[in-house]
Amino acid sequence: MASLDSHVLKKLVSLSFSALFIMITMVKSESQCQNFQSIISFGDSIADTGNLLGLSDRNNLSLNGFPPYGETFFHHPTGRSSDGRLIIDFIAEFLGLPYVTPYFGSKNGNFQKGVNFAVGSATALEVSFLEERGYHCPHNISLGVQVKIFKESLPNLCGLPSDCKNMIGNALILMGEIGGNDYNGPFFQRRPVDEVKELVPLVISTISSAITELISMGGRTFLVPGEFPIGCSVAYLTLYQTSNMEEYDSFGCLKWLNKFGEYHDEQLQAELKRLRNLNPHVNIIYADYYNALLRLNQEPTKYGFIDKPLSACCGVGEPYNFNFSTCCGSFGVDSCNDPSKYVAWDGIHMTEAAYKLMADGLLKGPYASPPFNWTCLSSKIKNKNSLDTQSCLMNS
Ligand SMILES: *[C@@H]1O[C@H](CO)[C@@H](O)[C@H](O)[C@H]1NC(C)=O
Ligand SMILES: *[C@@H]1O[C@H](CO)[C@@H](O)[C@H](O)[C@H]1NC(C)=O
Ligand SMILES: *[C@@H]1O[C@H](CO)[C@@H](O)[C@H](O)[C@H]1NC(C)=O
Ligand SMILES: *[C@@H]1O[C@H](CO)[C@@H](O)[C@H](O)[C@H]1NC(C)=O
């Protein structure tokens with residue numbers, strides 16, 4: 001029985017590998033068709049390709065402007081909060097598009113194939129609202145402000161209203177991750193979870209309003225990420241360390257904090273469902289960052305990581321190699337020898353290796369719902385003559 005099962009399993013595995021190969025081949029060709037002509041992004045540090053650094057004071061750069069940030073791929077700090085590429089960079093590569101230009105990081109940048117408004121430390125909720133409740137925000141660049149600035153900059157980005165409508169309609173709009181900082185603020189002040197939970201419906205409705213506004217501007221495809229499993233986050237594990245082992249799951253993550261992430265994600269998915277019903281012509285895809293990352297924390301060796309996923313690559317301090325007062329990017333804080341073997345980068349953000357696996361899981365795997373449909377080129381081949389196909393390939 002066991003041997004039969006494993007035989008069948010091997011067959012299945014090899015079959016699904018060939019299917020995967022065909023899919024990758026198709027996807028490669030599809031990217032040359034450029035179904036999406038650009039990426040328009042809103043959010044926080046998870047998708048920030050240089051905005052926070054661009055906005056920060058020359059004499060007081062954000063920490064991600066210092067080594068070892070950027071050491072793996074770009075070989076210098078770019079303002080990305082990782083050792084290398086982010087999920088948004090892998091999406092851009094996959095679509096055959098350039099890395100998305102940060103709007104605030106490059107005033108003379110080329111925004112033809114994408115524009116990024118995501119800013120590290122940004123919240124979904126308005127800064128004034130949060131400050132009234134005692135949470136300090138370094139920049140007035142909440143989600144609503146990002147969308148407002150996008151709207152105001154349209155004449156410079158795309159010219160005539162009809163051209164802008166086309167641009168927005170042909171873009172993949174990455175709406176997040178956003179909301180994480182709304183929760184980090186109070187959680188890092190050790191405010192009670194019930195108090196933080198009260199923010200969830202407000203965060204979700206802010207995300208929903210931003211999507212609705214972009215739909216009214218012509219948006220047709222949205223990728224909307226949920227929250228991370230913060231109970232496995234090195235910063236949270238350090239802050240909420242406890243001798244009560246019952247608070248941890250078998251992987252060493254704090255159960256109650258992961259429950260909080262799940263709570264946000266359930267609410268978000270319910271709202272996205274509502275938006276899909278209201279806008280049947282719009283493709284609203286939920287990106288399950290939570291589970292795409294959780295599996296890496298739960299089975300690190302399966303994905304090529306060391307068997308210690310809850311420890312930051314770049315940091316100092318026991319037991320998680322993290323200390324809020326001496327963070328990665330500060331003088332004298334080193335990174336691990338091989339970041340590709342670590343899931344956690346600086347205690348808050350992930351390594352390029354983890355982000356790559358998360359991006360793969362969205363684009364090709366089960367973590368996008370509904371999943372992406374990459375059949376563009378194959379239908380072109382079927383329906384059009386070879387010249388069209390050729391010009392499609394030549395345009396890449
Ligand atoms: C430097 O920037 C950080 C983050 O925005 C801020 O908290 C800090 O007060 C600034 N320091 C100085 C000396 O301006
Ligand atoms: C933030 O910017 C927005 C948009 O420009 C503005 O309406 C709002 O008053 C600003 N909030 C604060 C606290 O400065
Ligand atoms: C973090 O570093 C500070 C200053 O070096 C130290 O006083 C503190 O105990 C450290 N905290 C933890 C959790 O290790
Ligand atoms: C994918 O898109 C193609 C072409 O537009 C369509 O014919 C097909 O039904 C779609 N597949 C799925 C699973 O939605």
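In this text, all values refer to a predicted model and were calculated from it rather than measured experimentally. Read the numbers this way: they start at 1 and go in the same order the structure lists the ligands and their atoms.
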Give the table of side-chain donor-acceptor pairs shorter than 3.5 Å for residues 295-305, with sequence neighbours excluded, one pair per line with atom names and distance.
unit_1 : atom_1 : unit_2 : atom_2 : d
R295   : NE     : A292   : O      : 2.9
R295   : NH2    : L357   : O      : 2.9

Aromatic ring centroids of W256 and Y240 under 6.0 Å? yes

Can you check whether Y367 and Y286 have ring centres sitting under 6.0 Å from each other? no

Measuring from each atom of ligand 3, which residues have a heavy atom under 4.0 Å away? N323, S325

So, the side chain of Y320 versus the backbone of S233: is there a donor-acceptor pair under 3.5 Å, distance only? no

Is ligand 2 under 4.0 Å from a heavy atom in the side chain of K148, in the backbone, in both, or in neither? side chain

Those residues that, when tested against F251, pass ring-ring contact (aromatic ring centres under 6.0 Å, His included) (two or more places apart): none

Test item: side-chain donor near acceptor, S82 and R80, under 3.5 Å: no

Under 3.5 Å: N/O of N140 near N/O of ligand 2: yes

Contacts of K151 meeting side chain to side chain donor-acceptor pair (under 3.5 Å) (sequence neighbours excluded), chain-then-number -> E213

